[in-house]
Amino acid sequence: MVRREVLDDFLRKRASENGAQLINGLFLGMQLPQKKGESYVLTYNDYNSAEGASRNGEKKTLEVDVVIGADGANSRVAKDIGAGDYAYAIAFQERMRIPDDKMEYYKDRAEMYVGEDVSPDFYAWVFPKCDHVAVGTGTVIDKKGIQKYQQGIRDRAAPRIAGGEVLRVEAHPIPEHPRPWRVKDRAALIGDAAGYVTKCSGEGIYFAAKSGRMCAERIVTNSEKGTRMIDEYDLKEYIREWDAKYGATYLVLDLLQKVFYTTDAQRESFVELCEEEYVQTVTFDSYLYKTVQGNNPIGDLKLGWKTLTSLWKNSNKKPDEMRTLV
């Protein structure tokens, strides 16, 4: 399970080693070109020479030809180019150091929890992070209740995390679908700024990195390695390539979340289906290759029938008692 503080530091260092100029700063906004060929003027606080926790930084400007907005779900680049809003979930988690014997249990294991007590429309988790675990949950429809659901996952996972010490508390908005516009003129959005987080799983890191690479490669190719000024059409080629490659994945995972994360009866069907070897194979391959896998018509037909019968059965019976962890 990736730790962002480690991954991000690695990416920064690799970019620097390959010639990128790193600026430790806070992006404040940008002035858009007023006519064809003009530069974007970025305004930011430069912290490179500042020291201490209360550092204010030095306000500076930077002129650039192309802007790639990789500034997260609350993207200021998206706001400046009028990219539009999207629905979002709130993800809340606690980084927690647990006793060594309990940490050993999570050495090769990540856990997902479903149920009304931990989230009304998503899942909760205990994910290992090398020497500690992340315990959290998320929701779209009841953001104000996030603390209640966090207590729910704490209660459910209690035998696994007993004696744990909270190291850090984190909360993030998670986009629920791509923004209405992801390109304007010579500015493009990638990652969370563009809304590239998958439903059902909530995965975003791979798609952030992949969209950044695809966008950058398109700029390099269409600018003829910097000898030609690109335009909006060039950047829209990146969007078309992205949608063609991953559009189906987003649609399928959106459907799965709506079908299986809505009620406890449907979640019970989700758990039952995950016991099927065919489901495990298709799921593993889909996560591995990041596109929807499975081209076995007979397997798909059997899975469809089992899905319908499981949904009917669980919707028309009294729910089983909550099982406790050993």
Side-chain angles (χ1 to χ4, degrees), residues 1-2 89 106-116 118-128 137-140 156 174-178 195-211 213-214 240-323 325-326:
M1 305 298 290
V2 171
Y106 286 108
K107 182 177 180 180
D108 296 304
R109 180 182 284 106
E111 292 182 330
M112 289 174 59
Y113 294 75
V114 291
E116 290 288 345
V118 297
S119 176
D121 57 341
F122 200 55
Y123 67 89
W125 60 85
V126 180
F127 290 159
T137 184
T139 177
V140 178
R156 277 258 225 127
I174 306 295
E176 284 289 290
H177 57 77
Y196 294 152
V197 176
T198 57
K199 289 286 197 73
C200 199
S201 68
E203 181 185 4
I205 294 177
Y206 173 86
F207 296 101
K210 186 65 174 181
S211 60
R213 177 182 287 273
M214 290 175 68
R240 287 190 288 271
E241 291 172 350
W242 175 269
D243 289 345
K245 188 174 182 65
Y246 299 112
T249 299
Y250 281 78
L251 289 174
V252 169
L253 291 177
D254 185 17
L255 178 63
L256 289 177
Q257 181 166 325
K258 290 176 179 175
V259 170
F260 292 116
Y261 284 179
T262 306
T263 68
D264 277 350
Q266 290 164 298
R267 296 182 188 101
E268 195 65 38
S269 295
F270 172 64
V271 173
E272 288 179 2
L273 293 173
C274 286
E275 296 175 350
E276 291 289 313
E277 184 176 348
Y278 180 67
V279 172
Q280 294 174 17
T281 300
V282 170
T283 301
F284 180 84
D285 289 346
S286 297
Y287 276 115
L288 182 64
Y289 298 107
K290 305 304 178 186
T291 55
V292 178
Q293 304 293 309
N295 55 0
N296 182 339
I298 296 178
D300 291 339
L301 187 62
K302 289 181 178 178
L303 178 59
W305 175 250
K306 179 159 186 177
T307 299
L308 293 174
T309 55
S310 179
L311 288 170
W312 184 87
K313 178 192 70 175
N314 288 312
S315 296
N316 290 277
K317 76 167 190 174
K318 182 180 178 181
D320 295 335
E321 292 293 326
M322 183 72 73
R323 285 164 287 182
L325 294 176
V326 296

Heavy-atom distance under 4.5 Å between the side chains of Tyr113 and Trp125, does that happen here?
no

Minimum side-chain heavy-atom gap Lys210-Lys290 below 4.5 Å:
no

Quick check on the 6.0 Å ring-centre criterion: do Phe207 and Tyr250 meet it?
yes

Taking all heavy atoms of Val197 and all of Gly204, pick out the closest pair and write down the distance.
CG2-CA, 4.3 Å

Do Arg267 and Glu116 meet the salt-bridge criterion of a basic N to acidic O distance under 4.0 Å?
yes

Hey, mind stepping through Gln266 and Asn314 against side chain to side chain contact (heavy atoms under 4.5 Å, CB included) and telling me if it holds?
CA-CA 7 Å; Gln266 290 164 298; Asn314 288 312; over 6 Å; no

For residues Tyr196 and Pro175, determine if any side-chain heavy atom of one lies less than 4.5 Å from a side-chain heavy atom of the other.
no

Specify the closest pair of heavy atoms between Cys274 and Gln280, including all atoms of both residues, with the distance to one decimal.
O-NE2, 3.0 Å

For Lys199 and Asp254 the tightest heavy-atom approach is NZ-OD1, 2.6 Å

Between Leu256 and Tyr261, is the side chain to side chain contact (heavy atoms under 4.5 Å, CB included) condition met? List the steps.
CA-CA 8 Å; Leu256 289 177; Tyr261 284 179; over 6 Å; no

For Asp121 and Gly138, which heavy atoms make the closest approach, and how far apart are they?
OD1-O, 4.3 Å

Parallel, tilted or perpendicular: which fits the ring planes of Tyr246 and Trp242, with parallel below 30° and perpendicular above 60°?
tilted

Measure the CD-OG1 distance between Glu276 and Thr307 for me, rounded to the nearest 0.5 Å.
9.0 Å

Report the distance from atom CG of Leu308 to atom CG of Leu311, rounding to the nearest 0.5 Å.
6.5 Å

Is any side-chain heavy atom of Val271 closer than 4.5 Å to one of Phe260?
no

Counting heavy atoms not belonging to Lys313, are there more than 12 under 6.0 Å from its NZ?
yes

Looking only at heavy atoms, which two atoms of Thr249 and Thr291 are closest? And how far apart?
OG1-CA, 3.2 Å

I'd like to check the ring-ring contact (aromatic ring centres under 6.0 Å, His included) partners of Tyr106; sequence neighbours left out, ordered by chain and number.
none

Main-chain N/O of Val292 paired with Ser286 side-chain donor or acceptor, under 3.5 Å
no

Does Ser211 use its side chain to pair, donor to acceptor, with the backbone of Ala208 at less than 3.5 Å?
yes

So for atom NZ, which belongs to Lys107, do other residues, nucleotides or ligands contribute more than 12 heavy atoms lying within a distance under 6.0 Å?
no

Here the ring pair (Phe, Tyr, Trp, His ring centres under 6.0 Å) pairs for residues 276-295, sequence neighbours left out, are none

Take Ser310 and Glu272 through the side-chain hydrogen bond (donor to acceptor under 3.5 Å, both in side chains) test and state the conclusion after the steps.
CA-CA 8 Å; Ser310 179; Glu272 288 179 2; 2.7 Å; yes

Within the structure provided, determine whether Glu111 and Arg156 are in side-chain contact (heavy-atom separation under 4.5 Å).
no

Answer yes or no: does atom CZ of Arg213 have more than 12 heavy-atom neighbours from other residues, nucleotides or ligands under 6.0 Å?
no

Side-chain contact test, heavy atoms from C-beta onward, threshold under 4.5 Å: evaluate it for Thr198 versus Ser201 and give yes or no.
yes

How far apart are the C-alpha atoms of Asp264 and Val114, what are their side-chain angles, what is the distance that settles it, and do they pass the side chain to side chain contact (heavy atoms under 4.5 Å, CB included) test?
CA-CA 8 Å; Asp264 277 350; Val114 291; over 6 Å; no

Okay, side chain of Ser119, backbone of Thr139: is any donor-acceptor separation there less than 3.5 Å?
no

Looking only at non-hydrogen atoms, find the nearest pair between Lys306 and Leu273 and report the distance.
CG-CD2, 3.7 Å

Please check if atom CG in Leu288 has more than 12 non-hydrogen atoms from other residues, nucleotides or ligands closer than 6.0 Å.
yes

